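Report on the structure given below.
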Amino acid sequence: MPQARKRFGQHWLRSETALAQIVNAATLTATDRVLEIGPGTGILTKQLLAQSQAVVAVEIDRDLCMLLHKQLDNVPNFLLLEGDFLEMDIAAKLADFPDFQHLNKVVANIPYNITGPILEKLLGTISSPSPSPFENIVLLLQKEVAERLCARSGTKAFGALSVRVQYLATCEWICDVPAKAFQPPPQVDSAVVRLQPRSIEPAASQPRQLDQLVRLGFATRRKMLRNNLQSVVDRDQLSDLLISLNLNPQVRAEDLSVTDWIALSNALAG
Ligand code: SAH
């Protein structure tokens with residue numbers, strides 16, 4: 001197995017159990033076209049290739065790309081794109097490959113150091129959701145982040161990331177993956193989640209404002225929402241508004257569900 005490079009967040013998955021759980025979570029069919037971020041040595045890639053119509057894998061590490069080319073170039077439903085996923089215009093790269101366009105699912109054991117930007121590239125943001133959302137996105141990520149993605153309001157794990165991601169997708173916990181499932185083992189435990197992008201109803205009438213409210217609201221977690229938001233809305237006015245939304249005027253940001261956040265934002269938008 002090639003030496004893992006720290007700067008690319010490389011940890012090779014070696015647990016057959018975890019691999020099977022990831023692949024099963026994607027509920028692949030013979031017509032699925034899958035995007036994989038960071039195929040690494042191709043262990044997950046091979047399973048995806050066996051269960052889907054096409055796999056497009058984006059890998060930043062040149063040496064791994066050479067290995068993957070050697071191993072998989074004769075597999076007709078495989079396409080490797082070399083480069084940084086975050087920088088890459090994937091649609092443009094696929095312009096000449098009609099059999100690999102319209103990717104509908106994502107399955108990946110991602111580099112943990114760029115989880116936030118990866119989620120944003122896959123889902124978009126509250127104010128600009130992805131125009132062509134995936135059917136589902138199965139990711140192996142840091143357990144702590146997985147907990148934030150799947151958290152319910154009123155719990156400690158529920159933060160700005162929870163609101164941002166849950167606004168754009170439903171998040172399901174699939175399973176825990178212990179550090180020893182990898183070589184080398186990462187410092188942290190991991191988990192698999194499945195995200196299903198959807199258009200939330202009712203949506204925010206002013207998504208930029210919702211984005212701003214969430215940012216400010218969670219800026220100081222221990223403070224009451226009316227204090228965190230006082231630069232944008234008068235404290236007494238916010239208290240009245242919270243009461244009208246059946247919320248306690250003393251709530252903190254983490255107490256509001258995604259629906260509450262939307263209601264608050266829409267009420268402020270008038
Ligand atoms: N899927 C493999 C490897 C996971 S490790 C396995 O499960 O064993 C993360 C992988 O992401 C590595 O192959 C690393 O080189 C790659 N990677 C890191 N940053 C990347 C980026 N910005 N764009 C594309 N791939 C990246």
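The shown structure was predicted, so the numbers you read here are calculated from the model rather than taken from an experiment. Whatever order the structure lists ligands and atoms in, that order sets their numbers, starting from 1.
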Might you list the protein residues in contact with ligand 1, defined as having a heavy atom under 4.0 Å from one of its atoms, sorted by chain and number? Phe8, Gly9, Gln10, His11, Trp12, Leu13, Glu36, Gly38, Pro39, Gly40, Ile43, Val58, Glu59, Ile60, Asp61, Leu64, Gly83, Asp84, Phe85, Asn109, Pro111, Ile114
Is Glu254 salt-bridged to Arg221, going by a charged N under 4.0 Å from an acidic O? yes
With a 3.5 Å cut-off and sequence neighbours excluded, list the donor-acceptor pairs that the side chains of residues 93-101 form with protein atoms.
{"residue": "Gln101", "atom": "NE2", "partner": "Leu94", "partner atom": "O", "Å": "2.8"}
{"residue": "Gln101", "atom": "NE2", "partner": "Ala95", "partner atom": "O", "Å": "3.2"}

Counting only pairs under 3.5 Å, give me each side-chain donor-acceptor contact of residues 105-118, with atom names and distances, residues two or more places apart or in other chains.
{"residue": "Lys105", "atom": "NZ", "partner": "Ala26", "partner atom": "O", "Å": "3.0"}
{"residue": "Lys105", "atom": "NZ", "partner": "Thr27", "partner atom": "O", "Å": "2.8"}
{"residue": "Lys105", "atom": "NZ", "partner": "Asp32", "partner atom": "OD2", "Å": "2.8"}
{"residue": "Tyr112", "atom": "OH", "partner": "Ser190", "partner atom": "OG", "Å": "2.6"}
{"residue": "Thr115", "atom": "OG1", "partner": "Tyr112", "partner atom": "O", "Å": "2.8"}

Donor-acceptor pairs are to be reported for all side-chain atoms of residues 129-141 against protein atoms at under 3.5 Å, with residues two or more places apart or in another chain.
{"residue": "Ser130", "atom": "OG", "partner": "Ser132", "partner atom": "N", "Å": "3.4"}
{"residue": "Glu135", "atom": "OE2", "partner": "Asn104", "partner atom": "ND2", "Å": "3.2"}

Tell me whether Asp234 is salt-bridged to Arg226, with the criterion being a basic N under 4.0 Å from an acidic carboxylate O. no
Would you say the side-chain atoms of Lys121 pair up with the backbone N or O of Met88, donor to acceptor, closer than 3.5 Å? yes
